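Just so we're clear, the structure is a prediction, and the values are computed from it rather than from any experiment.
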Amino acid sequence: MFDIIYLLEMIGVVAFAISGMIVARSKNMDPVGIFAIGFVTALGGGTLRDLMMDNHPLYWIQHEEQPILILAMAVIFSYWHRAERIRESRIVFPDAIGLGVFSILGAQLALDLGHSWFVASLLGVMTGTFGGALRDTLCNEVPFIFRKDQVYASISFAGCWLYFVCQWLLESETLALTIGLLFIAITRLLAVRFDIRLQRDRRYG
């Protein structure tokens with residue numbers, strides 16, 4: 001079980017770091033800026049989660065291979081000329097993967113520490129969304145979580161509760177994790193593809 005969770009964590013780190021670096025490169029940031037944005041996008045949510053739960057040392061300090069990986073990715077993004085051609089709109093896929101992975105893993109860790117389903121769901125949403133919010137804020141963009149034309153945090157919240165129910169009903173923790181994170185990632189992609197919103201703009205004549 002540990003190996004599966006660690007694999008998911010690394011997938012989430014890579015996905016969120018890519019989304020951050022794409023945005024940073026589109027803003028013509030230097031290598032330091034690309035690394036910084038990739039770092040806060042990938043690890044910002046987990047850092048806030050650990051601070052909120054007084055979980056020390058911080059997870060990425062225990063697993064220094066994660067920031068080292070982000071640094072290596074930043075070097076590649078900085079000097080790989082084809083990275084310039086990646087449009088900012090391409091962040092939707094890696095961002096959806098990161099949202100799914102970290103929302104569920106954040107909720108799972110909170111449950112392991114004895115928190116209720118409700119508190120765990122909030123911590124899961126926090127873990128899944130805060131890194132992206134930092135990315136957008138530092139890059140002078142309105143974060144997805146606050147945009148009227150985006151369904152984001154609510155998908156994370158629903159996915160966490162789906163994970164809890166599946167965990168309760170199913171004997172396989174791995175299956176429950178997979179269902180929860182796939183629900184979040186796929187629902188997020190569908191929401192973008194079909195322009196699904198919680199609230200439509202009202203236009204008056």
Apply side chain to side chain contact (heavy atoms under 4.5 Å, CB included) to T127 and L48, showing your working.
-> CA-CA 7 Å; T127 307; L48 179 62; over 6 Å; no
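- Side-chain contact between Q108 and E173 is present, with at least one heavy-atom pair separated by less than 4.5 Å.
- Atom CG of D30 is surrounded by more than 12 heavy atoms from other residues, nucleotides or ligands within 6.0 Å.
- A continuous path of ILVMFWY side-chain contacts below 4.5 Å connects F102 to L51, so both sit in one hydrophobic cluster.
- Under a hydrophobic clustering in which Ile, Leu, Val, Met, Phe, Trp and Tyr are joined whenever their side-chain heavy atoms come within less than 4.5 Å, directly or via other members, F194 and V192 fall into the same cluster.
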Can you list the steps and then say if R193 with V92 is a side chain to side chain contact (heavy atoms under 4.5 Å, CB included)?
-> CA-CA 10 Å; R193 174 65 179 83; V92 171; over 6 Å; no
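- I18 places none of its side-chain heavy atoms less than 4.5 Å from the side chain of D95.
- L182 and L169 fall within the same hydrophobic cluster, where Ile, Leu, Val, Met, Phe, Trp and Tyr residues are linked whenever their side-chain heavy atoms come under 4.5 Å apart, directly or through other members.
- For I104 against G159, the heavy-atom pair with the smallest separation is CD1-O, 3.6 Å.
- Distance CG/N55 to CD/Q62: 7.0 Å, rounded to 0.5 Å.
- Using a 4.5 Å cut-off on side-chain heavy atoms (C-beta onward), M21 and I37 make no contact.
- Put simply, V75 and M73 are part of two different groups of oily side chains (I, L, V, M, F, W, Y) that touch within less than 4.5 Å, one to the next.
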Dump the intermediate steps for side chain to side chain contact (heavy atoms under 4.5 Å, CB included) on V13 and V101, then the final yes or no.
-> CA-CA 9 Å; V13 166; V101 169; over 6 Å; no
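- Summarising the geometry, atom CG belonging to L105 is positioned 8.0 Å from atom CZ belonging to R49; distances are rounded to the nearest 0.5 Å.
- F157 is connected to I186 through a chain of hydrophobic side-chain contacts under 4.5 Å among Ile, Leu, Val, Met, Phe, Trp and Tyr, so both are in one cluster.
- A donor atom on one side chain and an acceptor atom on the other are found under 3.5 Å apart for E9 and Y59.
- Between the OG1 atom in T129 and the CD1 atom in I145 there is a gap of 3.5 Å [rounded to 0.5 Å].
- Closest approach of C160 to A107, counting heavy atoms only: SG-CB, 4.0 Å.
- To the nearest 0.5 angstrom, I179 atom CD1 is 4.0 Å from L175 atom CG.
- Side-chain atoms of R147 come within 3.5 Å of backbone N or O of V142 as a donor-acceptor pair.
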Test side chain to side chain contact (heavy atoms under 4.5 Å, CB included) on F130 and V125 and set out the steps.
-> CA-CA 8 Å; F130 189 69; V125 172; over 6 Å; no
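- Here CD1 of I5 is found 7.5 Å from OG1 of T174. Values are rounded to the nearest 0.5 Å.
- The aromatic rings of F77 and W80 lie perpendicular to each other, with more than 60° between the two planes, well past the 30° mark.
- The minimum heavy-atom distance linking I196 with V151 is given by the pair O-CG2, 3.0 Å.
- Atom CD of Q66 sits about 8.0 Å away from atom CG of L69, to the nearest 0.5 Å.
- Within the 4.5 Å cutoff, no side-chain heavy atoms of S103 are placed close to those of Y163.
- A distance-only check finds no donor-acceptor pair linking the side chain of T137 to the backbone of L134 [under 3.5 Å].
- Counting heavy atoms from C-beta outward, I97 and I11 have side chains that approach closer than 4.5 Å.
- The minimum heavy-atom distance linking I91 with S19 is given by the pair CG2-O, 3.5 Å.
- The two atoms that bring I34 and S78 nearest to each other are CD1-OG, 3.5 Å, heavy atoms only.
- Looking only at distances, a side-chain donor or acceptor of S121 sits under 3.5 Å from a matching main-chain atom of F118.
- Under the 6.0 Å distance and 45° angle rule, R188 counts as a cation-pi partner of F144.
- For the pair M29 and V23, the minimum side-chain heavy-atom distance is 4.5 Å or more.
- In this structure, the side chains of W60 and F39 come closer than 4.5 Å at one or more pairs of heavy atoms.
- Here the side chains of I61 and H56 are not in contact, with every heavy-atom distance at 4.5 Å or above.
- For D195 against R197, the heavy-atom pair with the smallest separation is OD1-NE, 3.0 Å.
- Ring orientation note: the planes of W168 and W117 are nearly perpendicular, at an angle over 60° on the 30°/60° scale.
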